[in-house]
Protein chains: 2
Amino acid sequence: MDLVTALVAKVGAMALGTDYAQQDCSLARALEVVGERWSLLIVRDAFYGVRRFNDFLAHLDIPRAVLTSRLRSLVAAGVLRKETYQSSPTRYGYVLTETGRELWLPLYGLAQWGERHVSERGARTLFSHADCGTRLDRHGSCPQCLRPVPPEDVMMRPGTPDQPREDPVSRALGGPHRLLTPITVDGTGRAG
Amino acid sequence: MDLVTALVAKVGAMALGTDYAQQDCSLARALEVVGERWSLLIVRDAFYGVRRFNDFLAHLDIPRAVLTSRLRSLVAAGVLRKETYQSSPTRYGYVLTETGRELWLPLYGLAQWGERHVSERGARTLFSHADCGTRLDRHGSCPQCLRPVPPEDVMMRPGTPDQPREDPVSRALGGPHRLLTPITVDGTGRAG
DNA sequence: CTCCCCGGGTTCATTGAAGAGACCTAGGGG
DNA sequence: CCCCTAGGTCTCTTCAATGAACCCGGGGAG
């Protein structure tokens, strides 16, 4: 490949390929950040309390290189923040920023849509208002308290899975759990 | 490559690759349908009133083959419906089904998130309640009427674009427009 | 002191999907 | 007869996901 061909290829790749650059639309902007494959599932796991590289890896069955790349771009976009949870040896985790937490509504909305319309057969995961125990409606509000529930006040618990996963993270999420509180994975030599 | 290698490669590609099969989660199910590149932008355009193959093409700058493929899978998933709008010569358009219309909330939520957090500088598109003219809040509700507004009662109008597009569809969307009503494209030899 | 483990990555070969553009087909219309 | 429009296919090239192997720094056990 000569230089001109290489340049043309490069410019072509920049113009389209990795982004929706020509779309003057906030949805396109949002999708540049969270629209790539795996991104929203990573954000979902972050809401579930997953924080560590290896836990995302085990729970998502995502190639390591792709996880590295997605975490990096989500941090760059301000959705996640890299946080040291232990020094000597230094260990990092990834937690949602306030910007990331504001993805709760669209993310919950998409999940509810999937529940209602794609291979419906009872909720796989149930979300309820931690204060009163009422199940959230499709808009993410509490029908009892009649207002939107922020993610930190949401409890999740497993519904009726069809093929339960058998990784440590899924086991850690086997019982009721408040969103955004770190999960405690044990069974692989890690303290709870 | 021998037969066994080929088989292993094929099974591997089916197990992952094109879907999130191992994820027992409604969000993953939803993303299998609308999570692919371009899918949500096509749905957005459908809310805007775009119905024809060539109009999607012009407005999205999407490769024709990809558009064909996405429209097909969105129809298969029950998000869009193929509709004849003219016979002899037969012409098809694509319109949102009720299932597709229920994507309004998560789609609007994502767009609002993008507006607030990704290169913010004033709304590119403004959405308001057709009945009273009030701008929608971030949850898609009308602050005046205090209830969620269904997409058919939403008016859109352009906000402050930074690099306005110059295709016929963008021009047709230049003024206030009620969601889900077909756009009328003129200027390319098509009657309004 | 050495070996091995753990957490968090990087590198590499393979392949499926996206992108760009030419081509196709059916039905009109000048 | 040729060309137009609408809605697509076909082909080639490039990009990015996958899966598996390898890397590296810090500890802890023997």
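The sequence lines fix the lettering, A, B, ..., with proteins before strands; numbering per chain opens at 1.
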#### Entry: Residues that B:E115 engages under side chain to side chain donor-acceptor pair (under 3.5 Å), provided they are two or more places apart
A:S26
### Separation of C:dT25 C1' from B:Y92 OH (nearest whole Å)
13 Å
### Candidates D:dT9, D:dT18, C:dG19 - which lies nearest the side chain of B:W38
C:dG19
### Atom pair distance, as rounded to whole Å: CZ in B:R72 and P in C:dA18
14 Å
#### Entry: d(CG, B:N54; C1', C:dA26) in whole Å
15 Å
#### Entry: Base of D:dG19 paired with side chain of A:R64 (donor-acceptor, under 3.5 Å)
no
### Query
If you find the nucleotide of DNA chain D closest to A:T90 and the one closest to A:S69, which residue's nucleotide is nearer the 5' end?
A:S69
### Query
Between A:R51 and A:L180, which heavy-atom pair has the shortest distance, and what is it?
NH2-O, 3.8 Å
### Task
Please collect all ring-ring contact (aromatic ring centres under 6.0 Å, His included) contacts where either partner lies in residues 42-94 of chain A, sequence neighbours excluded, each pair once.
A:F47-A:W104
Taking distance alone, no hydrogens or angles, what donor-acceptor pairs closer than 3.5 Å link side-chain atoms of residues 145-161 of chain B to residues at least two apart or in another chain?
unit_1 : atom_1 : unit_2 : atom_2 : d
B:T160 : OG1    : B:A123 : O      : 3.3

#### Entry: Under-4.0 Å side-chain N/O to phosphate OP1/OP2 contact, A:Y94 with C:dG7
no
### Message
Please check this pair: side chain of B:S73 against backbone of B:R70, looking for a donor-acceptor N/O pair closer than 3.5 Å.
### Response
yes
### Query
Any sub-3.5 Å donor-acceptor pair from A:T68's side-chain atoms to A:R64's backbone N or O?
yes
### Summary
Atom CG of B:D55 and atom P of D:dT5 are separated, to the nearest Å, by 13 Å
Identify all pairs in which a protein N or O lies below 3.5 Å from an N or O of nucleotides 28-30 of chain D, and state each distance.
none

### Message
On a heavy-atom basis, which atom in A:C132 and which in A:C142 lie closest, and how many Å separate them?
### Response
SG-SG, 3.4 Å
### Message
Distance check needed: D:dG7 C1' versus B:R51 CZ, whole Å only.
### Response
17 Å
### Query
Between D:dG7 atom C1' and B:L71 atom CG, what is the distance in whole Å?
10 Å
#### Entry: Shortest non-hydrogen contact from B:A46 toward B:L80
CB-CD2, 4.1 Å
### Message
Expressed as a whole number of angstroms, how long is the span from A:L67:CG to D:dA17:P?
### Response
12 Å
### Task
Let me know the distance between CD of B:Q86 and C1' of C:dA26, rounded to the nearest Å.
12 Å
### Query
Touch check for A:Y85, heavy atoms < 4.0 angstrom, all strands: base, sugar-phosphate only, or nothing?
sugar-phosphate
### The single option from A:L107, A:L103, A:I42 passing side chain to side chain contact (heavy atoms under 4.5 Å, CB included) against A:V34
A:L103
Set out, line by line, the N/O atom pairs under 3.5 Å between protein and nucleotides 28-30 of chain C.
unit_1 : atom_1 : unit_2 : atom_2 : d
C:dG28 : OP1    : B:S88  : O      : 3.0
C:dG28 : OP1    : B:S88  : OG     : 2.7
C:dG28 : OP2    : B:S88  : OG     : 3.1

### Summary
Testing C:dA20, C:dA17, D:dG19 for proximity to the side chain of B:P63, the answer is C:dA20
### Task
With sequence neighbours left out, write down each residue that passes salt bridge (charged side-chain N to carboxylate O under 4.0 Å, His left out) with B:R138, or none if nothing qualifies.
A:E102
### Query
Among D:dG8, C:dA18, C:dG9, which nucleotide sits nearest the side chain of A:F53?
C:dG9
### Task
Ignoring backbone atoms, test whether B:R37 places a side-chain nitrogen or oxygen under 4.0 Å from the OP1 or OP2 oxygen of D:dC15.
no
### Query
Taking only side-chain nitrogens and oxygens of A:K82, does any of them come within less than 4.0 Å of OP1 or OP2 of C:dG8?
no
